[in-house]
Amino acid sequence: MSRFIDELKRTHRCGELRASDEGKEVILFGWVASRRDHGGCVFIDIRDREGIAQLVFDPEYAKADVWASRKGATVQSGDLSHVLDAHHLAEQVRGEWVIGIRGVVVSRGQNKNPKIPTGDVEIIVTEAAVFNRAETPPFEITDEIDTREEIRLAYRYLDLRRIPLQRTLRMRHDINRVTRNYLSDQGCLELETPFLVKYTPGGARNFLVPARLSPGKFYALAESPQLYKQLFMVAGFDRYFQIVKCFRDEDLRLDRQPEFTQIDVELSFVNQDDVFSLIEGLVFSIFKDVLKKDLRALYPEGRFPRLPFNESMARYGNDKPDLRFGLEHTDLTELVIEQAGGGVSFWAEIAEKFRSGQYRREVPAEIVKALVIPASANLSRPQLEELERGLKEIKGFKGLARAKVAEDGTWTQSPLAKSITPEARQKINETVGAKAGDVICFQFGKTAVVHTVMAKLRVDIAKRTGLIPEYGHGDQWRFLWVTNPPLFEYDEDTGRWAAAHHAFTRPVDEHIPLLESDPARVECYRYDLVLNGFEIGGGSIRLHDPEVQARVFKTLGIDDKDAREKFGFLLDALKSGAPPHGGIALGMDRTAMLLTGAPTLRDVIPFPKTNQGTDQLTGAPVVVDASQLAELQVKSTFQPPG
RNA sequence: GGGGUGGUAGUUAAGUUGGUUAUAACGCCGGCCUGUCACGCCGGAGGCCGCGGGUUCGAGUCCCGUCCACCCCGCCA
């Protein structure tokens, strides 16, 4: 073994070899991917992080005259002595053994394999060593795999050995590298912030860490570097970035992990446009370098389109619309009010509440929306019913009213067909642009539920009809800035106004007069970057004017004392000469997921957690002994069931 | 907190109205094979049907509970 490693150093990685390497003597190290034993000649595919190469172990090559017949391949006669040993070894090796070989790269002649990049060549092995044997793995280490994720995660080190995951993690590295270079070139300093921070109520739930040196007290793990990056601006660092882990103790999803990575940026003396162009430049660079794709073909101005939040909700039902396809919503609330319900009793009730002034048109509590499935989608009735079943997982969903439009504009296959007035029907057909054979889907009731249902319906239809793939980008990239959402949200439970994002977001200038009189209509300089229906980043221009800040707090019902307790150090800092500033954080994991086309975030994170937040590999989290808790002066109240 | 889907050899799946010895493919082990690359051919081993109760003469199959994984709603400023 010491002859390899110590004397014979690796010359190439397996996946790198090409026709241009023919005739070279190479030394390769790697894992046995497959072995095909023909009795005499043995083929072994050897794998490393770059790919796979075919090794040939053939006793015939112990003879010098056989070499002479092989064009372009020469070998020292003294080296032939190991060929038979190598062949003997090849007969014994098994999958995933770690081996080292010395050999000569030759052309495969008539036997090229077009399926792999190294398929033009093979290596005739003249010397070999086994570094380590391996137990049979619980699943095959191949590119395509259908093994349950549960098992893949329990043996993550084997899963990660697969070429697609090697490629994915390398892409993450590339994104990191481009980001560091680009943001450094743009004058941003990479500065670090603490993970162990002060607990902040509200917002995402914090992970808590007992503070041994301060018995009875706890740190929180940072949910983001938000406060600290603002302090960097106050301190005059002017432009900052960090590729940083964030921790949030919330329920998980396919695009959410309890610890995740953000590309965090904060800039002084900027407005929203400045933040956008910096980030657009970053995304263009990442696409060019990592995907070899020039986004200027799609966005010649070098800018992504923008859509106000309210318009996004109206047209798509959410704040992260997938723009790879149409199927926009139509808001029929006004039409329904004008038609006094158009004969539909549920709609009449809603219309009446608007007429009586119980509901406001600017911020409607209930709405009526429609979405047209074009006749060309050619969905059968059972398929439509299956779409409806898919919506049942949304809380508050009561059913989807459909109407198939006939040649004469009447509706069939619809619970609404009998009651709708001809006038209302005709106006709806016109407004939604429905033609014969189209199916109009209706949803009405509580605004939030209608939006959620219709947003899911829109995406489900697109997937079902093949407008977009089930997952992955389908080589379509549609970016969007969603801008100016409301600053406040009314909390039904407490009857108070709450900050929709955080209390330090700058209101849109022309809405500042409404801060007290009509908080619902105050929009702010907050923005999300959306790619193919995923929010990949979000940020805001911060509120640095103490006078406006005080008015925002007032609307939120936070008095001076509360404000001091909650945000004391930040308020002091903002009064100490804070520059106008703003920033953004990009979700590094989501970006990697979208760029690689991976179906879940877990596929772009080396060691992810399950949906229950457990690590299948290590078993974390675990119960710790009483003595460890005692040292921390922490007592668990957990009672095992039963 | 709520809704849904799944768990059967190492892996992926099939398993009929509840009925003899629980199937198949791949993988694994042994043998043969000098141009394969999803090598081929012959033979073999491999199972607490997630776990715990119940119904039944009899449960992979029916019922209850529970654990685990996945998807969604709430939640994630």
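All values below come from the heavy atoms of this structure, side chains included, with hydrogens, waters and symmetry mates left out.
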Worksheet entry | Separation between the C1' atoms of B:rG47 and B:rG60, rounded to whole Å | 11 Å
Worksheet item: What does B:rU36 pair with, Watson-Crick or G-U, if both distances are under 3.5 Å?
Response: none
Item to complete: Using the P atom as the reference point in each nucleotide, state the distance between B:rG4 and B:rG40 in Å, no decimals.
Response: 45 Å
Fill in: Rounded distance [0.5 Å steps], OH in A:Y316 versus CG in A:D319
13.5 Å
Worksheet item: Where is the tightest heavy-atom contact between A:R156 and A:L165, given as atom of each residue plus distance?
Response: NH1-CD1, 3.9 Å
Worksheet item: For the pair made of CD in A:E150 and C1' in B:rG10, what is the distance, rounded to whole Å?
Response: 15 Å
Discussion item. Please report the distance separating the P of B:rC70 from the corresponding atom of B:rU23, rounded so that it comes out in whole Å.
Written reply: 33 Å
Item to complete: For nucleotides B:rG15 and B:rG2, find the distance between their C1' atoms and express it as a whole number of Å.
Response: 33 Å
Discussion item. Any base atoms under 4.0 Å from A:T142, or only sugar-phosphate, or nothing? Heavy atoms, all strands.
Written reply: nothing
Practice prompt. Write down the distance separating the C1' atoms in B:rC64 and B:rC28, rounded off to the nearest Å.
Written response: 39 Å
Item to complete: Using the C1' atoms only, state how far B:rG54 lies from B:rG10, rounded to an integer number of Å.
Response: 33 Å
Worksheet item: With respect to A:R36, which candidate in A:I44, A:D45, A:V42 satisfies the side chain to side chain contact (heavy atoms under 4.5 Å, CB included) definition?
Response: A:D45
Item to complete: Round to the nearest Å and state the distance from A:E144 atom CD to B:rG27 atom P.
Response: 16 Å
Discussion item. Both distances below 3.5 Å, Watson-Crick or wobble geometry, any strand: find the nucleotide opposite B:rU16.
Written reply: none
Discussion item. Strictly below 4.0 Å: does A:R256 bring a side-chain N or O up to OP1 or OP2 of B:rC70?
Written reply: no
Item to complete: Would you kindly give the CG-to-C1' distance between A:D319 and B:rC76, to the nearest whole Å?
Response: 12 Å
Discussion item. Please pick, from B:rU12, B:rG10, B:rC71, the nucleotide with the shortest atom-to-atom distance to any side-chain atom of A:N611.
Written reply: B:rC71
Worksheet item: Can you tell me the Watson-Crick or wobble partner of B:rC41, both distances under 3.5 angstrom?
Response: B:rG31
Fill in: Whole-Å distance separating the CG atom of A:D460 from the P atom of B:rC72
11 Å
Practice prompt. Using the P atom on both, measure B:rG6 against B:rG53 and round to a whole Å.
Written response: 25 Å
Discussion item. As a quick check of understanding, evaluate salt bridge (Lys or Arg N to Asp or Glu O under 4.0 Å) for A:E250 and A:R256, giving each step before the final call.
Written reply: CA-CA 9 Å; A:E250 294 293 342; A:R256 285 193 225 155; over 6 Å; no
Item to complete: For A:N113 and A:Q54, test the side chains for any donor-to-acceptor distance below 3.5 angstrom and give the result as yes or no.
Response: no
Discussion item. Heavy atoms only, 4.0 Å cut-off, all strands: where does A:T600 land among base, sugar-phosphate and nothing?
Written reply: sugar-phosphate
Discussion item. Under 4.0 Å from OP1 or OP2 of B:rC73: is there any side-chain N or O of A:R253 that close?
Written reply: yes
Worksheet item: Do you know which two heavy atoms are closest between A:H502 and A:S540, and how far apart they sit?
Response: NE2-OG, 3.9 Å
Discussion item. Return the pairing partner of B:rG6 with a 3.5 Å limit on both distances, Watson-Crick or G-U wobble; otherwise return none.
Written reply: B:rC68
Item to complete: With heavy atoms under 4.0 Å as the rule, sort A:I151 into base, sugar-phosphate or nothing.
Response: sugar-phosphate
Practice prompt. Say whether A:N310 and A:E523, considering side chains only, have a donor N or O and an acceptor N or O under 3.5 Å apart.
Written response: yes
Practice prompt. Verify the neighbour count for atom NZ of A:K320: are there more than 12 heavy atoms of other residues, nucleotides or ligands below 6.0 Å?
Written response: no
Discussion item. Determine whether the aromatic ring centres of residues A:F57 and A:H88 are separated by less than 6.0 angstrom.
Written reply: no
Fill in: Residues A:Q616 and A:T614: side-chain donor-acceptor under 3.5 angstrom
yes
Item to complete: Could you check which of B:rG27, B:rC70, B:rU12 has an atom nearest any side-chain atom of A:R602?
Response: B:rC70
Worksheet item: Considering every strand shown, what is the Watson-Crick or G-U wobble mate of B:rU11 when both distances are under 3.5 Å?
Response: B:rA25
Discussion item. Taking the C1' atom in each of B:rG18 and B:rU56, what is the distance between them to the nearest angstrom?
Written reply: 9 Å
Worksheet entry | Distance, rounded to the nearest Å, where A:L254 contributes CG and B:rU5 contributes P | 19 Å
Fill in: Presence of A:T610 side-chain N/O under 4.0 Å of B:rA69 phosphate oxygens OP1/OP2
yes
Practice prompt. Could you run through nucleotides 31-41 of chain B and give me one letter per nucleotide, 5' to 3': B if any protein heavy atom sits under 4.0 Å from the base, S if only the sugar-phosphate is that close, - if neither?
Written response: --BBBBBSB--
Worksheet entry | N or O in side chain of A:R94 less than 4.0 angstrom from B:rG30 OP1/OP2 | yes
Worksheet item: Within this structure, what is the CD1-to-P distance between A:I141 and B:rC26, rounded to whole angstrom?
Response: 19 Å
Practice prompt. In whole angstrom, give the distance that lies between atom CZ of A:F139 and atom P of B:rG27.
Written response: 16 Å
Fill in: 5' priority, RNA chain B, between A:D251 and A:G203 [closest heavy atom]
A:D251
Worksheet entry | A:N206 CG to B:rC75 C1', straight-line distance once rounded to whole Å | 14 Å
